[in-house]
Amino acid sequence: MNTPAHSSRLVNWTGYLAIALLLLLPVAVLTVRAGAVEQGLLLYAISCLAATALLILFIVLLLLPRFAPWRSTVLRSATLTLPGVILLALLVRGGEQYPAIHDISTDLLDPPVFREAEAQRGPDANPLEIKTETLDLQRAAYPDLATLVTPLTIESVYERALLVAEDMGWDIYYQNLGQGVIEAVDTTAIMAFKDDIVIRVRSNASGSLLDLRSVSRVGVSDLGANARRITEFLRRFEALAEVPR
């Protein structure tokens, strides 16, 4: 049986561990932002998994009568594990909700092709080759993503697409009106992950066709980020297109 001194030491050390795991989360984020993606994500995973295990231990301690004198301390320490536990739960839920893909396009039959992104992405980035299985997974997960058909001219669509891309904070590194192509990179707010986007504008009998493709540089699953980005772009474009110019 644990003595009161032993119980007190256990409460103290688990509390210190909870603090360390909480501090490890921002360290992991800063590591990823510094460019050490694999190491940062490993620290992130360790922090979240260990926090979950520690929370279970705290629950056990709260239920044991011998730790009754320190329940308020244990409870305070347990709250420090909640950020890691919540983040892990969100990751697990995202993994179940979204397919393991990171390449999303509005045109699955003829996806837009990048011209300059390869040089921007670096040798360790995800490849830009289009895979049939990725298209099949996207078709099932995001059936509403499709080419935007508009009566506007190519020039008008191109100009408005540039405005929307700039408004969304994308860094445009290639644009060519003659080709109807815009390429840009979007950097996520917390981890500073970089995703490349290509915008393609073509004409048809009644006006123009607008397509987008968004591809993550790292990771297997984007947890829906690329699809949300494209959806938001199209929403803003259609809202802008309704404004007389």
Side-chain angles (χ1 to χ4, degrees), residues 99 101-139 141-189 192-219 222 224-245:
I101 55 177
H102 53 263
D103 186 349
I104 304 296
S105 173
T106 55
D107 188 345
L108 298 180
L109 298 178
D110 183 20
V113 176
F114 289 94
R115 289 167 169 77
E116 299 295 326
E118 193 72 43
Q120 298 283 332
R121 290 166 70 84
D124 297 327
N126 289 325
L128 292 172
E129 288 79 10
I130 300 168
K131 299 179 181 179
T132 303
E133 57 268 26
T134 297
L135 299 177
D136 292 338
L137 288 171
Q138 181 194 319
R139 189 176 288 108
Y142 310 111
D144 296 332
L145 280 184
T147 300
L148 177 65
V149 182
T150 171
L152 298 173
T153 65
I154 283 184
E155 291 77 13
S156 295
V157 173
Y158 194 89
E159 176 187 356
R160 293 168 195 248
L162 277 174
L163 290 174
V164 173
E166 292 170 351
D167 185 58
M168 292 183 68
W170 299 354
D171 181 15
I172 299 170
Y173 54 77
Y174 180 75
Q175 53 182 298
N176 189 310
L177 175 58
Q179 298 173 341
V181 171
I182 301 167
E183 291 185 35
V185 60
D186 186 23
T187 304
T188 62
F193 290 135
K194 294 184 179 296
D195 302 332
D196 291 284
I197 309 104
V198 55
I199 304 169
R200 182 182 66 192
V201 183
R202 297 180 295 177
S203 63
N204 71 347
S206 58
S208 302
L209 305 174
L210 174 64
D211 283 295
L212 289 92
R213 181 181 170 201
S214 184
V215 186
S216 301
R217 293 187 182 182
V218 298
D222 62 8
N226 287 299
R228 288 192 295 270
R229 178 181 296 113
I230 291 175
T231 299
E232 177 62 14
F233 179 95
L234 294 176
R235 185 193 68 78
R236 295 193 187 197
F237 181 91
E238 291 185 292
L240 184 61
E242 293 173 357
V243 178
R245 304 200 56 182

Using every non-hydrogen atom in the two residues, find where [X] and [Y] come nearest and quote the distance to one decimal.
X	Y	value
Asn204	Gly207	OD1-N, 2.7 Å
Ser105	Pro112	OG-CD, 3.3 Å
Phe237	Leu152	CZ-CD1, 4.5 Å
Ala184	Tyr173	C-CE2, 3.5 Å
Ala227	Leu145	CB-CD1, 4.1 Å
Tyr142	Gly224	OH-CA, 3.4 Å

Is the closest basic N to carboxylate O distance between Asp110 and Arg202 below 4.0 Å?
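Between Arg202 and Asp110 there is a salt bridge, with a charged N closer than 4.0 Å to a carboxylate O.
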What I want to find out is whether Glu232 reaches Arg235 closely enough, with some N-O distance under 4.0 Å, to be called a salt bridge.
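Arg235 and Glu232: salt-bridged.
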Can you check whether [X] reaches [Y] side chain to side chain, under 4.5 Å on heavy atoms?
X	Y	value
Phe114	Val215	yes
Asp171	Thr187	no
Phe233	Ile199	yes
Leu210	Leu234	yes
Leu148	Thr106	no
Gln120	Glu183	no

With no hydrogens and no angle check, is any side-chain donor or acceptor of [X] less than 3.5 Å from a backbone partner on [Y]?
X	Y	value
Ser208	Ile154	yes
Tyr158	Asn176	yes
Ser214	Ile104	no
Arg160	Leu240	yes

Under the side-chain contact (heavy atoms from CB on, under 4.5 Å) rule, what do Leu209 and Val149 come out as? Steps first, then yes or no, please.
CA-CA 5 Å; Leu209 305 174; Val149 182; 3.7 Å; yes
May I ask you to check whether Ser216 and Asn126 show a side-chain donor-acceptor distance below 3.5 Å?
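Short answer, no.
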First locate atom [atom1] of [X], then atom [atom2] of [Y], and finally report the distance between them rounded to the nearest 0.5 Å.
X	Y	atom1	atom2	result
Arg200	Arg115	CZ	CZ	9.0 Å
Leu177	Ile182	CG	CD1	9.0 Å
Arg229	Asp195	CZ	CG	4.0 Å

Looking at Asp196, Asp124, Asp186, which one forms a salt bridge (Lys or Arg N to Asp or Glu O under 4.0 Å) with Arg217?
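One option only clears the test, and that one is Asp196.
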With Arg213, which residues qualify under side chain to side chain donor-acceptor pair (under 3.5 Å), at least two apart?
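Counting only residues at least two positions away or on another chain, Arg213 forms a side chain to side chain donor-acceptor pair (under 3.5 Å) with Asp103.
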For His102 and Phe193: C-alpha separation, side-chain torsions, deciding distance, then whether side-chain contact (heavy atoms from CB on, under 4.5 Å) applies.
CA-CA 12 Å; His102 53 263; Phe193 290 135; over 6 Å; no
